[in-house]
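Before any comments, here is the structure.
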Number of protein chains: 2
Amino acid sequence: MSTTSLGLALLGLLHKRPASGYDLRKIFQSTPMAHYSSSPGAIYPALRKLEQQGLIAGAVDHRQTLRPRKTFRPTRRGTRTLEDWLAQPVTRDDVAFRLDELLLRFAFMANFPAAESTQSFLRDLARELAGYIDDLQRQLEALPLGPPPHPRLAVECGIESYRAHLRWARRALRHFELIETQRDD
Amino acid sequence: MSTTSLGLALLGLLHKRPASGYDLRKIFQSTPMAHYSSSPGAIYPALRKLEQQGLIAGAVDHRQTLRPRKTFRPTRRGTRTLEDWLAQPVTRDDVAFRLDELLLRFAFMANFPAAESTQSFLRDLARELAGYIDDLQRQLEALPLGPPPHPRLAVECGIESYRAHLRWARRALRHFELIETQRDD
DNA sequence: AAAAACATGTAAGCTGTTACATGATTGG
DNA sequence: CCAATCATGTAACAGCTTACATGTTTTT
């Protein structure tokens, strides 16, 4: 029943712009979204499943071409599913295991400008990132001082990557807060 | 035929210390290696496959307990497979899609102190990270200036994360170079 | 003695990969 | 017209998740 990560990615793209399976594959190949598979064996079945769930609807283009070209767009239920996903709380597990998916959610919020959800998302994200960094720091302290230095260095790499994400989240939050005060003028 | 990512992770852990399936699951649950699944349905079949490939060998402990406890350790072929993996060149694709796996490789190099491979690994890693950051920068420049700012911010998040990795790799490299000169004294 | 945790596994089902198939359109 | 590329898929298979099964040791 539930919608997979790939399904939500497809739903988000289709909400921005209706597209065919081939269009979507090209997007996955050519943009930073390349982390999702562009293989036909993944995308076409995922589209069919979304259609069966009533989250997207396909319309066939007959104009000017013999070969039909099927263009998909989200149904109202699909849009609601997408909004629900974007509004999910940010958990520690999301931060630890699905950071990419969180960034994807953030990117898709661009198409729902009404909500102030972007700011609360970034606040929650910053809070969970800070908490997870503390966890990692504690794991680091528990490690032997070596040699070899590799285990400590590997954990330090993770910590620094998460710190970079935290700095980014705080900067992005300031950016949106600034925009808001400007708009109030 | 080929060995999966999980298989290599298991092989690396068993090279450090022979262990049973349950031991390995606990490691995956309790350490920064938690990104790999700790589900029995993943680990036990993976161990059996490694055994069938002749990369690990299981020995049954009968002492003091009715229920046998099967402890695995790598065979010579398994150790060679592990070494081959650690010695693989670092590619752009590794950096873009399998950064976690690269970090795992780095961590396992702790158990092969003979090789100076750690340093060449870090040099290659830094080079590929720098190249990939350039790619992302170009993708960023190709994006519209918005609003909404989300797409650009998302790409910037990726860039900053990769920059953090690059700084780490350079620092780690200096660390090993320093150790080497100290040892030469 | 009962409950909890230890330890090892299996089965069903889903997702994604790789490789292939098929016809349509476009460029030389 | 032939080749390449566009566009849409299918089939076989591998791997993982979830849920369950089973017996053992330890704790209460």
Side-chain angles (χ1 to χ4, degrees), chain A residues 1-11 13-14 18-30 33-53 55-56 58-72 93 96-98 100-101 104, chain B residues 1-11 13-14 18-30 33-53 55-56 58-72 93 97-98 100-101:
Chain A
M1 273 306 108
S2 74
T3 311
T4 66
S5 178
L6 175 60
L8 292 165
L10 292 170
L11 210 48
L13 288 173
L14 291 175
S20 69
Y22 192 74
D23 294 337
L24 293 164
R25 286 185 62 198
K26 275 190 298 188
I27 292 172
F28 284 137
Q29 278 164 6
S30 65
M33 302 202 41
H35 285 255
Y36 288 91
S37 83
S38 65
S39 76
I43 287 180
Y44 290 108
L47 285 171
R48 214 173 319 127
K49 198 186 159 200
L50 287 172
E51 200 174 20
Q52 280 167 6
Q53 292 175 315
L55 303 181
I56 63 174
V60 178
D61 256 355
H62 283 294
R63 56 136 200 277
Q64 99 196 341
T65 167
L66 294 181
R67 174 98 187 207
R69 201 186 125 85
K70 204 168 183 184
T71 302
F72 295 94
D93 261 30
F97 300 123
R98 291 176 294 273
D100 291 351
E101 198 180 297
L104 190 67
Chain B
M1 273 304 108
S2 73
T3 310
T4 67
S5 178
L6 176 59
L8 291 165
L10 293 169
L11 210 47
L13 287 174
L14 291 176
S20 68
Y22 192 75
D23 294 335
L24 293 164
R25 285 185 63 198
K26 275 190 298 186
I27 292 173
F28 285 136
Q29 279 165 4
S30 65
M33 303 205 39
H35 285 254
Y36 287 89
S37 81
S38 65
S39 76
I43 286 179
Y44 289 109
L47 285 171
R48 213 173 322 127
K49 198 186 160 200
L50 287 172
E51 199 175 21
Q52 279 166 7
Q53 291 174 317
L55 302 182
I56 62 175
V60 178
D61 256 354
H62 282 294
R63 54 134 200 278
Q64 101 196 339
T65 166
L66 293 181
R67 173 102 188 203
R69 202 186 124 84
K70 205 170 183 183
T71 303
F72 295 93
D93 262 31
F97 299 123
R98 292 177 293 274
D100 291 352
E101 198 182 296

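Heavy atoms only: backbone and side chains are in, while hydrogens, waters and symmetry mates are out. Order of the sequence lines fixes the chain letters, A, B, ..., with proteins taken first and strands second; residue numbering starts at 1 for each chain.
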- Do the side-chain N or O atoms of Arg25(B) get closer than 4.0 angstrom to the phosphate oxygens (OP1, OP2) of dC6(C)? no
- Task: Give a yes/no answer on whether the side chain of Arg48(A) brings an N or O atom under 4.0 Å of OP1 or OP2 in dT10(D).
- Result: yes
Closest approach to the side chain of [X], judged atom by atom: which nucleotide of [options] is it?
X	options	value
Tyr22(B)	dC16(D), dG9(D), dT8(C)	dT8(C)
Lys49(B)	dG15(D), dT10(C), dT15(C)	dG15(D)
Ser39(B)	dT17(D), dT8(D), dA7(C)	dT17(D)
Ser20(A)	dA7(C), dT15(C), dT8(D)	dT8(D)

- Task: Would you classify Ser37(B) as touching base, sugar-phosphate or nothing, given that sugar-phosphate means primed atoms plus P, OP1 and OP2, and contacts are heavy atoms under 4.0 Å?
- Result: sugar-phosphate
- Task: Look at all strands and tell whether Thr4(A) reaches a base, only sugar-phosphate, or nothing, counting heavy atoms closer than 4.0 Å.
- Result: sugar-phosphate
- For the helix from dA1(C)-dT28(D) to dG28(C)-dC1(D), figure out the bend between the end axes, five pairs an end, and round to 10 degrees. 20°
- Item | N/O donor-acceptor pair under 3.5 Å between His35(B) side chain and Ala96(A) backbone | yes
What's the [atom1]-[atom2] distance between [X] and [N], to the nearest Å?
X	N	atom1	atom2	answer
Leu8(A)	dT15(C)	CG	C1'	14 Å
Leu24(B)	dT8(C)	CG	P	9 Å
Leu6(B)	dT17(D)	CG	C1'	13 Å

- So Phe28(A) and Tyr36(A), would you call those rings parallel, tilted or perpendicular, with 30° and 60° as cut-offs? tilted
- Could you please spell out the steps behind the side chain to side chain contact (heavy atoms under 4.5 Å, CB included) verdict for Leu6(A) and Leu10(A)? CA-CA 6 Å; Leu6(A) 175 60; Leu10(A) 292 170; 4.2 Å; yes
What nitrogen or oxygen pairs link the protein and nucleotides 19-21 of chain D at under 3.5 Å?
none

- Task: State, with a plain yes or no, whether a side-chain heavy atom of Asp100(A) is found less than 4.5 Å away from one of Leu104(A).
- Result: no
